[in-house]
**Q** 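Let me give you the structure first, and then I'll get to my questions.
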Amino acid sequence: MSIDDIVARRLIVRGLVQGVGFRWSTVEEARRLGLGGWVRNRRDGSVEALVCGPNAAVAAMIHWAGKGPAGARVDGIEVEDSSERHDAFAQLPTV
């Protein structure tokens, strides 16, 4: 795998995504996929995440985030490129 295969994407997920285990499930899914980054709640009711790793794994994470865990209702997801990089995946405090 070359450095060109590593990508980072910032996600904003909107809908019923707080109080349903979305952050915890995101951490579990990201670790399963071998991704780095973080996830946190935002005061506006959305969930924000940074995911970085191999392009295919990042794409799989974005697909998963578009549905979320059982109990969540995702109304929309914004995705943008990021230059931020992380090796491990963590849950961060709300911003």
Side-chain angles (χ1 to χ4, degrees):
M1 177 177 1
S2 77
I3 193 71
D4 294 333
D5 296 330
I6 304 298
V7 298
R9 303 285 186 264
R10 182 174 165 266
L11 317 176
I12 303 289
V13 186
R14 299 186 193 288
L16 179 59
V17 293
Q18 290 190 12
V20 293
F22 201 99
R23 289 177 301 159
W24 181 87
S25 297
T26 300
V27 170
E28 292 297 307
E29 185 68 9
R31 289 179 178 166
R32 185 185 73 78
L33 292 168
L35 296 172
W38 47 260
V39 62
R40 62 187 173 196
N41 282 343
R42 293 170 27 133
R43 287 190 176 84
D44 67 2
S46 66
V47 169
E48 179 181 18
L50 175 83
V51 293
C52 51
N55 195 23
V58 169
M61 185 71 204
I62 293 168
H63 178 76
W64 178 90
K67 298 176 192 169
R73 185 195 74 239
V74 177
D75 294 335
I77 183 169
E78 299 170 32
V79 180
E80 62 184 43
D81 291 342
S82 177
S83 60
E84 194 174 339
R85 299 286 193 265
H86 294 271
D87 292 329
F89 202 90
Q91 183 172 312
L92 301 181
T94 299
V95 294

**Q** With sequence neighbours excluded, give me every salt bridge (Lys or Arg N to Asp or Glu O under 4.0 Å) pair touching residues 14-27.
**A** R14-D44, R14-E78
**Q** Report yes if the side chains of Q18 and T94 come closer than 4.5 Å at any heavy-atom pair, otherwise no.
**A**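 No, side chains not in contact.
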**Q** Grab the two heavy atoms, one from H86 and one from G37, that are nearest each other, plus how far apart they are.
**A** CB-N, 3.4 Å
**Q** Give the intermediate values and the outcome of side chain to side chain contact (heavy atoms under 4.5 Å, CB included) for residues N55 and D5.
**A** CA-CA 6 Å; N55 195 23; D5 296 330; 5.6 Å; no
**Q** Of the non-hydrogen atoms in V47 and V17, which two are nearest, and what is the gap between them?
**A**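 Scanning both residues, the minimum pair turns out to be CG2-O, 3.4 Å.
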**Q** Looking at CD of Q91 and OG1 of T26, how far apart are the two atoms once the value is rounded to the nearest 0.5 Å?
**A** 8.5 Å
**Q** Kindly say whether V39 contributes a backbone atom to a donor-acceptor pair with the side chain of E48 at under 3.5 angstrom?
**A** no
**Q** For R32 and W64: C-alpha separation, side-chain torsions, deciding distance, then whether side chain to side chain contact (heavy atoms under 4.5 Å, CB included) applies.
**A** CA-CA 12 Å; R32 185 185 73 78; W64 178 90; over 6 Å; no
**Q** For side chain to side chain contact (heavy atoms under 4.5 Å, CB included), just list the numbers for R9 and D81, CA-CA rounded to whole Å, side-chain angles, deciding distance to a tenth of an Å, and then say yes or no.
**A** CA-CA 5 Å; R9 303 285 186 264; D81 291 342; 3.0 Å; yes
**Q** Who pairs with A72 by side chain to side chain contact (heavy atoms under 4.5 Å, CB included), at least two apart in sequence or on another chain?
**A** V20, F22, P69
**Q** Please check if the side chain of E29 supplies one atom and the backbone of A60 the other of a donor-acceptor pair under 3.5 Å.
**A**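 No, because the side chain of E29 does not come within donor-acceptor range (under 3.5 Å) of the backbone of A60.
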**Q** Does one hydrophobic cluster hold both V51 and V7, with members joined at side-chain heavy-atom distances below 4.5 Å?
**A** yes
**Q** Could you check whether any side-chain heavy atom of L35 comes within less than 4.5 Å of a side-chain heavy atom of C52, counting everything from C-beta outward?
**A**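 No, side chains not in contact.
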**Q** Is it the case that the side chain of S46 and the backbone of R42 share a donor-acceptor pair, with hydrogens and angles ignored and the cut-off at 3.5 Å?
**A**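 Side chain of S46 to backbone of R42: no pair is present.
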**Q** Do V74 and V58 land in one hydrophobic cluster if side-chain heavy atoms of ILVMFWY residues count as linked below 4.5 Å?
**A** yes
**Q** Test of understanding: with ring-ring contact (aromatic ring centres under 6.0 Å, His included), list the residues that count as partners of F89, not counting sequence neighbours.
**A**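 With neighbours one apart ignored, the set is empty.
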**Q** Under a 4.5 Å cut-off applied to non-hydrogen side-chain atoms, are I77 and V13 in contact?
**A**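 Yes; the side chains approach each other to less than 4.5 Å.
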**Q** Might you point out which heavy atoms bring S82 and L50 nearest each other, and give the distance in Å?
**A**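 Closest approach of S82 to L50: OG-CD1, 3.4 Å.
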**Q** Let me confirm one number: the CG-CG distance from L92 to N41, rounded to the nearest 0.5 Å.
**A**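 Between L92 CG and N41 CG, I get 10.5 Å after rounding to 0.5 Å.
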**Q** What are the two closest heavy atoms between L11 and A65, and how far apart are they?
**A**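 The answer is CD1-CB, 4.2 Å.
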**Q** So which atom in P93 and which in R40 form the shortest heavy-atom distance, rounded to 0.1 Å?
**A** O-CB, 3.5 Å
